[in-house]
Protein chains: 2
Amino acid sequence: MRAKFTTEEIAAAALAIVDEAGVAALSMRALAAALGTGPMTMYNYVAGKEGLEELVVAAVVADVSMPAPSDDWQHDVHAIATEMWRGVRAHPAAIPLVLTRRMASATGFAIVDGLVAALGRANLADVDRLAAFHAVLGLVTGAAQAELAGPLTGSSAEAAQRIGAVAGAEYPHIAALSKVASRTSIEDDFDGGLRMLLDGIALRSR
Amino acid sequence: MRAKFTTEEIAAAALAIVDEAGVAALSMRALAAALGTGPMTMYNYVAGKEGLEELVVAAVVADVSMPAPSDDWQHDVHAIATEMWRGVRAHPAAIPLVLTRRMASATGFAIVDGLVAALGRANLADVDRLAAFHAVLGLVTGAAQAELAGPLTGSSAEAAQRIGAVAGAEYPHIAALSKVASRTSIEDDFDGGLRMLLDGIALRSR
DNA sequence: ACCTGAACACCGTTCAAGT
DNA sequence: ACCTGAACACCGTTCAAGT
């Protein structure tokens, strides 16, 4: 029998399940049913459940595109980090998968290589370049994680309620900050933190 | 019948399973077996699988202790972030749980409140204080995530092999940086990135 | 060679029966 | 009231049989 599906079709169907019904709904059997075949057929295209989840991560990373480089490394690092963050946020339900899986697809390496290249133009010592790279990547994934499960996430009412439920009066600093959260946007907040980090990196420039 | 277990016993047994056999091995049935009882008994102590995982996260967070404050906010933010990172790294197998679950236990709020308090002494505008808070938290969780699944993680030989397997010659900047990774420690790397961020935050001080 | 149904060894949870 | 076994509806994957 001829191959019935392409890897792209499988990946698209799997990502659609995650987007629509959450990561818990992604199963070999559900995917097979969505494609109109039996569960065992999937094993001809995908290396088990683990391989299927890698495919989903690759599909999410695939539409993170490399911004055009400029002559300003800070601008480029900012643009790349922001684009990575946008790409991950485009599929919120897939974030747990992206966060916990080592991304090894070629498409992901391209933008990571671009980030390292931009940081290279900052003229840092080797160890500083590595630390800066990890910090930028950490900030991006950390921001995605925080939006998913952070202490000050969600509507301010919801956050206030949650904090209140855990003895809000005992944690006055969190309570005060949660009020600020309702007056700013997630985007501006990410941008602000990223700019602080970029300023700190720039101080190491030689 | 009297209650057979305390919540602490359940949490300790669950964390032990995760530490020893990984997060995939944590099941209601395995936990019950470890405690010498039937699966259904667990439901008298824990709000289902989800509640069990929250219990594990709470147990990990529980031994993150608040460092003594000094008169230097940068020192204090550094100490708190480092202690959080240490606490998460103490249970590597539990990191996926900690990263993806909203932490709502009172014990976790205490140190987060301390972090916000230390940042408050930096004399920042409200939105900058919030951005700095999220950035520090993001850096900590991002560092934990990167160690688990980052592109330059693991032994240098392993990383080099992985990068080589994905056409290393095509990504020269990653390849060069991966050589630096073998000459520094994870600790120094985290420390370097954190200090850069702290410097950037300090620039916003009024 | 490639595909796939039956079967196995799990899983979380409902429900009702025990004490 | 609290505890818990049986049962149900899932799950990933092995294995062997189909074409």
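Each chain gets a letter, A, B and so on, in the order the sequences are listed, and its residues count up from 1.
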According to a strict under-4.0 Å criterion, is [X] in side-chain N/O contact with OP1 or OP2 of [N]?
| X | N | answer |
| --- | --- | --- |
| B/Thr41 | D/dC3 | no |
| B/Thr37 | D/dT4 | yes |
| A/Lys4 | C/dC2 | no |
| A/Tyr43 | C/dT4 | no |

Strictly under 3.5 Å: I want the nitrogen or oxygen pairs between protein and nucleotides 17-19 of chain D, one per line.
none

Closer than 3.5 angstrom, by distance alone: can the side chain of [X] be matched with the main-chain N or O of [Y] as a donor-acceptor pair?
| X | Y | result |
| --- | --- | --- |
| B/Gln145 | A/Gly142 | no |
| B/Tyr45 | B/Lys4 | yes |
| B/Thr184 | B/Ala181 | no |

> Taking only residues two or more places apart in sequence, or in another chain, which ones meet A/Ser70 in a side-chain hydrogen bond (donor to acceptor under 3.5 Å, both in side chains)?
Replying inline: A/His75, A/Asp76
> Can you check salt bridge (Lys or Arg N to Asp or Glu O under 4.0 Å) on B/Arg195 and B/Asp191, steps first, answer last?
Replying inline: CA-CA 6 Å; B/Arg195 286 181 191 283; B/Asp191 199 67; 2.7 Å; yes
>> I need the minimum non-hydrogen distance between A/Ala175 and A/Ser178, along with the two atoms involved.
In response: O-OG, 2.7 Å
>> Testing the basics here: between A/Val56 and A/Ala94, what is the closest heavy-atom pair and its distance to 0.1 Å?
In response: CG1-CB, 4.5 Å
>> With ring pair (Phe, Tyr, Trp, His ring centres under 6.0 Å) as the rule and sequence neighbours excluded, what pairs involving residues 176-196 of chain A come up?
In response: A/Trp85-A/Phe190
> Can you list the stems that DNA chain C is part of, where a stem is at least 3 pairs in a row, each Watson-Crick or G-U, with both distances below 3.5 Å?
Replying inline: C:4-8 with D:12-16, C:12-16 with D:4-8
>> Check A/Lys179 with B/Asp126, please: is the shortest side-chain N to carboxylate O separation under 4.0 Å?
In response: no
> Are A/Glu50 and A/Arg101 close enough that some pair of their side-chain heavy atoms sits under 4.5 Å apart?
Replying inline: yes
> Do A/Val46 and A/Ile10 come close enough that some side-chain heavy atom pair is under 4.5 Å?
Replying inline: yes
>> Quick check on side-chain contact (heavy atoms from CB on, under 4.5 Å): which of A/Val140, A/Val77, A/Leu194 does A/Thr82 satisfy it with?
In response: A/Leu194
>> Can you measure A/Asn44 atom CG to C/dG5 atom C1' for me and round it to whole angstrom units?
In response: 13 Å
> Over how many whole Å does the gap from B/Met42 atom CE to D/dC2 atom P extend?
Replying inline: 17 Å
> Which residues, if any, of residues 15-24 of chain A bring a heavy atom under 4.0 Å of DNA chain D?
Replying inline: none
Expected rows: protein N/O vs nucleotides 7-11 of chain C N/O, under 3.5 Å:
residue, atom, partner, partner atom, Å
C/dC11, OP1, B/Ser27, OG, 3.2

>> Once rounded to the nearest 0.5 Å, what's the spacing between atom CG of A/Leu119 and atom CD of A/Gln74?
In response: 10.0 Å
